[in-house]
Amino acid sequence: MRSLFRLLIPTCVLTGGLMSAMCCVADEPTDPKSAPAFPYGEVPEQKPDMPLSRAMQRVYDGTYAGLDCARNELFTRFKYTPLEGLDYSNGDGTVSRRDATKIIKHDGKFYVWYTKRHTATPPDYDGGANDTIPSRDWDLAEIWYATSTDGFTWQEQGVAIERNEKPSPGWRSVSTPDILVWKGKYYLYYQAYLAMPGSRTSSATNGDDCPVSASVADSPDGPWTPCNKIVVDNGPPGSWDQYVIHDPYPLVRNGQIYLYYKGEMGGDPPVRAQGLAIADHPFGPFRKHPLNPVINSGHETSLFPFKEGLAALVSRHGLEHNTIQYAPDGVNFEVAAITGLMPIAPGAYVPDAFTDTKDGRGITWGLCHFRNIKRDEGKSHSMLARFDCDLSLDVDDIEMKESDIFNDPEINFKFGLSEQQRERIESDAQAELQR
Ligand code: AAL
């Protein structure tokens with residue numbers, strides 16, 4: 001696909017596309033009758049030498065990778081396919097799979113790791129959890145793995161990381177892994193629970209007590225040896241990530257391990273953002289980046305090398321949810337494209353995740369999860385699924401560039417008003433009519 005990606009304006013580097021447009025307000029044409037019209041046809045690649053509205057300025061001056069979705073390498077829609085080969089006990093809530101890692105290729109097969117919960121009962125979110133009843137979908141879980149030769153049908157291979165002995169990190173649950181390949185060895189990072197998920201009473205956000213730990217193996221088939229320590233600690237009291245570090249996500253960049261993670265900075269509901277910690281060795285010490293948080297939104301954020309920098313799928317939470325962002329330096333992210341129906345907890349096949357490339361080629365597929373399935377029936381669990389997209393410099397799939405996505409009405413009505421809202425709105429309408 002033809003490249004339209006442009007460099008950032010350095011003076012606007014810390015601001016979003018909108019803000020960068022605001023720092024260079026258009027000069028209005030002095031004589032509207034003689035002003036040139038914006039040209040018809042393919043959107044010009046170079047900024048036309050003419051007065052432009054802010055909307056058109058930011059196409060050229062911000063991080064947007066081109067106005068035309070069809071030719072924008074960081075714009076995509078997402079398509080979903082159910083997986084073959086994984087059993088969910090008829091959806092009774094006792095088996096859950098979620099939070100897939102990046103996918104790697106080894107010995108002619110694709111490998112993925114994920115949180116697997118197989119408990120006697122579904123989770124009890126209402127305080128009834130104990131040593132055997134999970135408090136959340138990811139409580140009393142282990143990290144399992146599966147392989148595939150086509151990415152659609154997967155064979156579960158068994159457990160990779162079991163729960164640890166109490167009181168070592170991960171005794172209560174191990175969840176939400178991601179994979180690093182570094183100097184011929186394999187490292188799994190994960191949330192190592194020191195207490196039942198959701199039980200941290202000292203946190204304003206009732207956050208999880210699950211600092212990041214890691215295990216190492218000589219082969220993706222294991223055996224895995226835990227480092228038995230916390231490798232990315234919560235921030236000091238008063239800092240944005242003092243209570244929650246979730247979703248560790250390692251990549252190799254500048255000869256170092258760049259590990260991104262989600263923190264929660266308080267608020268009700270909590271505001272989520274993404275931080276970066278950098279290390280020279282997989283077990284640390286990890287140094288938090290001084291500009292953290294580096295992404296102001298998002299939940300389970302997946303990143304991948306793209307051109308000289310890194311791109312990120314920012315979904316679910318925050319002002320910039322449903323965006324694909326780009327940072328030439330892996331730190332200063334800006335919105336590159338706005339999209340919809342993003343995968344939840346995506347773990348993409350990122351062939352150049354660990355090659356320290358400055359010519360990242362992008363991604364086209366991965367696994368994600370659907371969550372809270374049958375929660376209303378007390379059978380809450382999650383299911384892995386496949387997503388496809390075109391965020392690749394080497395693929396040109398016009399079907400992935402369609403921005404006009406619409407749903408059957410049932411889907412929108414499913415997100416209808418609550419009873420409380422309906423009452424308020426009806427009563428406001430009566431008051432309005434009587435005014
Ligand atoms: C996920 C992730 C982390 C949280 C929980 C399990 O979506 O953000 O892994 O702890 O939810």
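Counting starts at 1 for both ligands and their atoms, in listed order.
Salt-bridge annotation for Glu156 and Lys116: present, with a side-chain N of the basic residue lying under 4.0 Å from a carboxylate O of the acidic one.
Residue pairs meeting the salt bridge (Lys or Arg N to Asp or Glu O under 4.0 Å) criterion with at least one partner in residues 215-231, sequence neighbours excluded, are Lys185-Asp218.
Remark: Leu83 pairs with Leu86, Trp154, Leu367, Leu384, Arg386 by the side chain to side chain contact (heavy atoms under 4.5 Å, CB included) rule, at least two apart or across chains. For Gln274, the side chain to side chain contact (heavy atoms under 4.5 Å, CB included) partners are Lys262, Ile295, Thr301, not counting sequence neighbours.
In summary, the side chains of Ser148 and Asp150 do present a donor paired with an acceptor at a separation below 3.5 Å, with no hydrogens or angles considered. Under the 3.5 Å distance criterion, with hydrogens and angles disregarded, no donor-acceptor pair is assigned to the side chains of Trp113 and Tyr190.
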Which N/O atoms of ligand 1 sit under 3.5 Å from a protein N/O, and at what distances?
from, atom 1, to, atom 2, distance (Å)
ligand 1, 7 (O), Arg98, NH2, 3.4
ligand 1, 7 (O), His299, NE2, 3.2
ligand 1, 7 (O), Glu300, OE2, 2.2
ligand 1, 8 (O), Asp247, OD1, 3.3
ligand 1, 8 (O), Asp247, OD2, 2.7
ligand 1, 8 (O), Lys262, NZ, 2.7
ligand 1, 8 (O), His299, NE2, 3.1
ligand 1, 9 (O), Thr176, OG1, 2.6
ligand 1, 10 (O), Gln191, NE2, 3.0
ligand 1, 10 (O), Tyr193, OH, 3.4
ligand 1, 10 (O), Asp208, OD2, 3.3
ligand 1, 10 (O), His246, NE2, 3.2
ligand 1, 11 (O), Arg98, NH2, 3.3

